[in-house]
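Below is one structure, written out as structure tokens, with a few remarks after it.
Reminder, nothing fancy here: chain letters follow the sequence lines and each chain counts from 1.
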Protein chains: 2
Amino acid sequence: MSDAELDKTDRKILALLQDDARLTNNDIAERIHLSPSQCSRRRARLERDGLIAGYHARIDGEKAGFGLVNFISVTLSTHNRNNAARFAELMARLPEVQEAHALTGEMDYILRVVTRDLRGLSDFVNETLLPHEAVQNVKTSIVLQTLKDTSALPLDDS
Amino acid sequence: MSDAELDKTDRKILALLQDDARLTNNDIAERIHLSPSQCSRRRARLERDGLIAGYHARIDGEKAGFGLVNFISVTLSTHNRNNAARFAELMARLPEVQEAHALTGEMDYILRVVTRDLRGLSDFVNETLLPHEAVQNVKTSIVLQTLKDTSALPLDDS
DNA sequence: ATGAGCGGCGCAAGGTGTTTGCGTATTTGC
DNA sequence: GCAAATACGCAAACACCTTGCGCCGCTCAT
């Protein structure tokens, strides 16, 4: 199922559910001018084929007690497969790490990490990250203001 | 509604829905050992109070045709309120910008931007971002590998 | 040109899910 | 201790979802 096989109606379904996953098949069906049953089938296909990878509630971080969002750039001490695997394993074990990406550029990885406060950030960096034997260097930035924070793909919805 | 007023059951509801927003109130009710109607009421309260800020389908970027995830650091040309407002306005207008945060550190903003390919990235940087009068400097990194990519808050679920 | 096969579609029915009113139990504040 | 507020489960009415069926249109092979 590649891009070429998504028609305009599929895209519309994806965009609608990306925006509000609580829309009923009846709601969606009205907007795409199909019946609820056909809408249900198309949706099931998009799920089966992995276009829709999951459904999630977005929880308000501040209200839930997470005061800080941090971007942390990391350099590994030696670039070899063992260290990369060790680092990946570390990332998988830490629920406060929301994102971890290997990048082009001067730093090897960028992490997005949520903590309750500065103390939490300090602990994360000094007690968890820096002591890890694969980690050589760490640069931490704290988010001061968020202009936009979605995971939304630009699906050309309309 | 602060953190102190979320009990263990509320947290469990949040964690379950964060993980899978398609769980029915019946499913959730079983797991938190309440009735479906009480589960429904608690959920409604969490929504009303803004702890649950929304529900979204997660769309597979690659399958939907977005081959590149990019982190772009931006410096503004002059730090004043006008430029910051202009930049914020630009970010709001660009659906390919998923995230935009003002940060501590050497760069003013970090953006997460999805594009279909290198050409799309180049266009974004050279035709949209750099020509903007508020933008002075741009550093672009392309994601080579993603170890983790969630928006999940560590809610101490269990 | 024609017929077979396939995929998309809507209708309708049966099953599941949701919400709300009601009454009871528990907790909280004075 | 008492009254008020809150949390709870039950049950009923309504909404929603899925799937079998049949129809239609398109494509491909003969």
query: Is there any salt bridge (charged side-chain N to carboxylate O under 4.0 Å, His left out) pair reaching into residues 93-103 of chain A, and which pairs are they, with sequence neighbours excluded?
result: A:Glu99-B:Arg112
statement: In short, salt bridge (charged side-chain N to carboxylate O under 4.0 Å, His left out) pairs touching residues 17-35 of chain B with sequence neighbours left out are A:Glu47-B:Arg22
Starting at [atom1] of [X] and ending at [atom2] of [N], how long is that distance when rounded to a whole Å?
X	N	atom1	atom2	answer
A:Arg48	C:dG7	CZ	P	11 Å
A:Asp10	C:dC9	CG	C1'	14 Å
A:Ile28	C:dC9	CD1	P	15 Å
A:Arg42	D:dC17	CZ	P	17 Å
A:Arg45	C:dG8	CZ	P	7 Å
A:Glu47	D:dT18	CD	P	8 Å

Acceptor/donor pairs from residues 122-129 of chain A side chains to any protein atom, 3.5 angstrom cut, sequence neighbours excluded:
unit_1   : atom_1 : unit_2   : atom_2 : d
A:Ser122 : OG     : A:Asn126 : ND2    : 3.3
A:Asn126 : ND2    : A:Ser122 : O      : 3.2

Do [X] side-chain atoms and [Y] backbone N/O form a donor-acceptor pair below 3.5 Å?
X	Y	answer
A:Thr104	B:Ile142	yes
A:Ser77	A:Ala134	yes
A:Thr146	A:Lys148	no
A:Thr150	B:Gln98	yes

Heavy-atom protein contacts under 4.0 Å, nucleotides 11-20 of chain C, coded B base, S sugar-phosphate only, - none: BB----SSBB
- prompt: For B:Leu144, what are the other residues in its hydrophobic cluster, where any two members join if their side-chain heavy atoms are less than 4.5 angstrom apart?
  reply: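 Taking Ile, Leu, Val, Met, Phe, Trp and Tyr as members, B:Leu144 stands alone, with no cluster partners.
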field: Helix axis bend for the helix from C:dA1-D:dT30 to C:dC30-D:dG1 - C1'-based end axes, five pairs, 10° rounding
entry: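 Result, rounded to 10 degrees: 40°.
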